[in-house]
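The structure appears right after this line, and notes come after that.
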Protein chains: 2
Amino acid sequence: MKKAATIRDVAAHAGVSVSVVSRVLNGTGPVAPVKRAQVLDAIEELAYRPRAAARELSQGRSETIGLLLADLTNPFFARLADRVVAEARSRDLQILLMTTQEDPHLEGQALDTLLDRSVGGMIGTPTGHNTARWEKLAALDIPVVFVDRAVRELDSVDVVSIENVDSAAAATRHLLERGHTRIGIVSGPLDTTTGVERVQGYEQALREHGVERDDRLVRPAPFRGDRGAEVVAQMLALDDPPTGLVVANTAQVRVVLRMLAQARIAIPDDLSLVVFDDNPWTELIRPPLTAVRQPIDMLALHSVELVHARMRQKLPPAPRRVRVAAEFVERSSTARI
Amino acid sequence: MKKAATIRDVAAHAGVSVSVVSRVLNGTGPVAPVKRAQVLDAIEELAYRPRAAARELSQGRSETIGLLLADLTNPFFARLADRVVAEARSRDLQILLMTTQEDPHLEGQALDTLLDRSVGGMIGTPTGHNTARWEKLAALDIPVVFVDRAVRELDSVDVVSIENVDSAAAATRHLLERGHTRIGIVSGPLDTTTGVERVQGYEQALREHGVERDDRLVRPAPFRGDRGAEVVAQMLALDDPPTGLVVANTAQVRVVLRMLAQARIAIPDDLSLVVFDDNPWTELIRPPLTAVRQPIDMLALHSVELVHARMRQKLPPAPRRVRVAAEFVERSSTARI
DNA sequence: TTGTAGGCGTTATCAG
DNA sequence: CTGATAACGCCTACAA
């Protein structure tokens with residue numbers, strides 16, 4: 001088993017210098033058509049493949065982009081990863097995957113190692129607690145794109161997300177238009193952009209319909225754990241419990257559903273339900289859930305496209321905020337009051 | 001913005017040579033306690049982090065392992081990825097993620113780029129069609145571990161999977177013990193080990209109970225597409241349709257469930273159902289599904305541990321086959337006939 | 001125990 | 001157009 005061919009082997013085999021080979025490889029600089037052909041032949045024959053590490057070392061930057069997601073257990077992030085990988089491949093970018101598990105400490109570690117790898121760019125769902133490190137990446141001229149959510153302090157980085165305000169407003173409006181006035185919302189933590197923006201949309205819809213906001217019906221829940229269930233249970237225990245509920249925290253819909261089932265709350269008879277993110281199983285359960293469908297392929301497409309463009313310096317420096325519309329999918333978990 | 005410190009900067013700052021720094025970094029070779037402290041200080045002060053690319057180039061191998069999964073859209077693989085990432089982190093290994101989408105062509109591409117990256121190891125779910133390339137990896141002394149499924153031709157690579165035969169037998173037995181004799185099975189393609197082994201388990205259980213195998217009830221389906229649904233529809237259209245069904249192809253349970261719902265087949269009244277892989281939503285749907293639960297964390301643990309050990313040459317050359325038991329979870333989708 | 005120097009595979013600069 | 005040759009940052013004999 002002889003070791004893999006290097007650029008020098010190719011050069012020798014083709015009877016040219018390494019520079020020529022490098023040039024045909026990267027299309028940088030001129031090469032005589034004849035020699036080009038020879039080089040191509042040699043490459044073919046030796047099954048030569050440039051070593052990524054050497055390339056990185058030499059140019060100080062790589063074609064690898066770090067993907068730092070919260071949690072692959074959440075189908076939303078899993079499908080996002082799937083699409084990001086696909087988009088990356090079509091651009092010859094590699095994906096280095098890490099997860100934060102919504103833990104700032106883990107996020108910190110991940111960012112550090114990403115730094116070592118001198119990745120060419122980053123796509124991530126920030127926990128909101130490592131602003132210094134994120135800034136460092138940016139300071140090192142490593143393009144960063146936040147997807148799904150952002151960090152308010154970091155207003156110089158690109159963000160790709162859905163229209164959170166509009167989506168939440170639409171979900172709430174759907175309930176209002178069906179006669180509900182007692183509408184609860186379980187959002188994400190209020191120090192995340194998704195958390196606050198979705199509550200804003202909810203409030204906006206309420207305002208439109210002249211319904212007063214009741215603090216007891218607006219409850220944030222962390223992304224991890226079962227808090228979402230508790231919070232809903234508390235709402236339901238009120239003297240005047242909600243008749244409609246928006247679960248805007250994707251990570252909590254499962255636990256909420258489980259609690260509702262255990263408590264034998266009939267949907268939509270006892271409670272009308274709209275959830276954020278339309279999973280493959282959302283239509284499988286009984287009743288099929290009305291949901292806000294996030295266009296995950298678009299989120300992935302724009303994220304990858306954005307880092308890619310930045311890596312190629314093909315974009316003006318001003319931070320980009322891409323917001324794509326989400327689709328409202330009406331099924332059977334909501335009913336007229 | 002000054003550029004990141006290199007090993008030379010550290011050496012200078014600590015008043016030693018680079019080799020000393022390298023030695024304290026990698027614990028290779030002796031270092032005087034005093035100097036070690038100085039070096040550590042310098043590292044701290046300069047916030048030095050070794051460049052992964054340089055290290056790779058110099059030693060010809062990296063601490064990055066390639067993870068080549070079929071499809072992150074399948075919750076089984078998504079959760080597997082999640083655990084693999086976690087296990088990898090605790091061993092300071094990085095994960096380069098790629099997907100095959102069950103497409104041999106994409107798998108081939110992925111393997112090629114993995115080769116360029118000179119990854120230190122690989123964990124993957126092979127499609128079964130790129131044996132040459134897989135062998136090439138092995139020939140290059142890159143440890144390969146197949147997880148979940150294997151390729152029969154490649155019997156020299158490590159494999160981590162559940163006890164497929166036993167699991168399928170248990171699932172089938174469960175049905176038999178409840179009086180079913182007409183039992184269908186939707187397996188994976190028969191050129192995959194999971195596909196054949198689960199059918200073997202099914203047959204074994206049948207044999208135990210003296211039930212004859214009916215070819216029309218044993219139908220493989222590809223991992224992609226909706227074939228599983230068609231195949232079940234065909235079984236159900238028989239003169240003597242099955243009263244029990246095992247969906248052993250994780251990728252097909254969703255479409256089968258959808259079809260069953262549309263056809264208004266009552267479960268378990270019309271049909272008793274056991275599915276492979278216990279997702280978070282398996283207990284959310286109506287009725288909650290009886291399932292074979294794959295211990296995903298164990299699969300991940302062993303896979304990572306195995307590549308890691310091989311990378312460190314800490315294992316005898318003989319290929320390892322780790323098979324972990326799966327758990328049978330009885331819920332409400334199966335009933336006595 | 002320490003330091004020097006050569007090599008890892010590419011890219012890039014700069015004379016021919 | 002082409003070809004030496006110097007980086008790139010780290011590891012590792014080998015010498016001291």
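What you see is a predicted model; the values in this text were computed from it and never measured. Numbers restart at 1 for each chain; the letters A, B, ... are given by sequence-line order, proteins then strands.
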Point to revise | Per-nucleotide protein contact string for nucleotides 8-16 of chain C, where B marks a base within reach and S marks sugar-phosphate only (heavy atoms under 4.0 Å, - for neither) | key: BBBBB----

Check your understanding: Is there side-chain contact between B:Val39 and B:Val31, with at least one heavy-atom pair below 4.5 Å?
Key -> no

Point to revise | Nucleotide interval of DNA chain D bounded by contacts with chain A (heavy-atom cut-off, under 4.0 Å) | key: D:dC1 to D:dG9

Check your understanding: Looking at side-chain heavy atoms only, is the closest gap between B:Val324 and B:His302 below 4.5 Å?
Key -> yes

Review point. Any ion pair linking B:Glu107 and A:Arg89 (charged N to carboxylate O, less than 4.0 Å)?
Key: no

Check your understanding: Is B:Asp297 salt-bridged to B:Arg79, going by a charged N under 4.0 Å from an acidic O?
Key -> no

Practice item. Answer whether the closest heavy-atom distance between the side chains of B:Thr113 and B:Met98 falls below 4.5 Å. Key: yes

Exercise for review: Please determine if B:Arg149 and B:Glu102 form a salt bridge, counting it only when a charged side-chain N lies under 4.0 Å from a carboxylate O.
Suggested key: yes

**Study point:** Between B:Arg323 and B:Ser161: side-chain donor-acceptor atoms closer than 3.5 Å
**Key:** yes

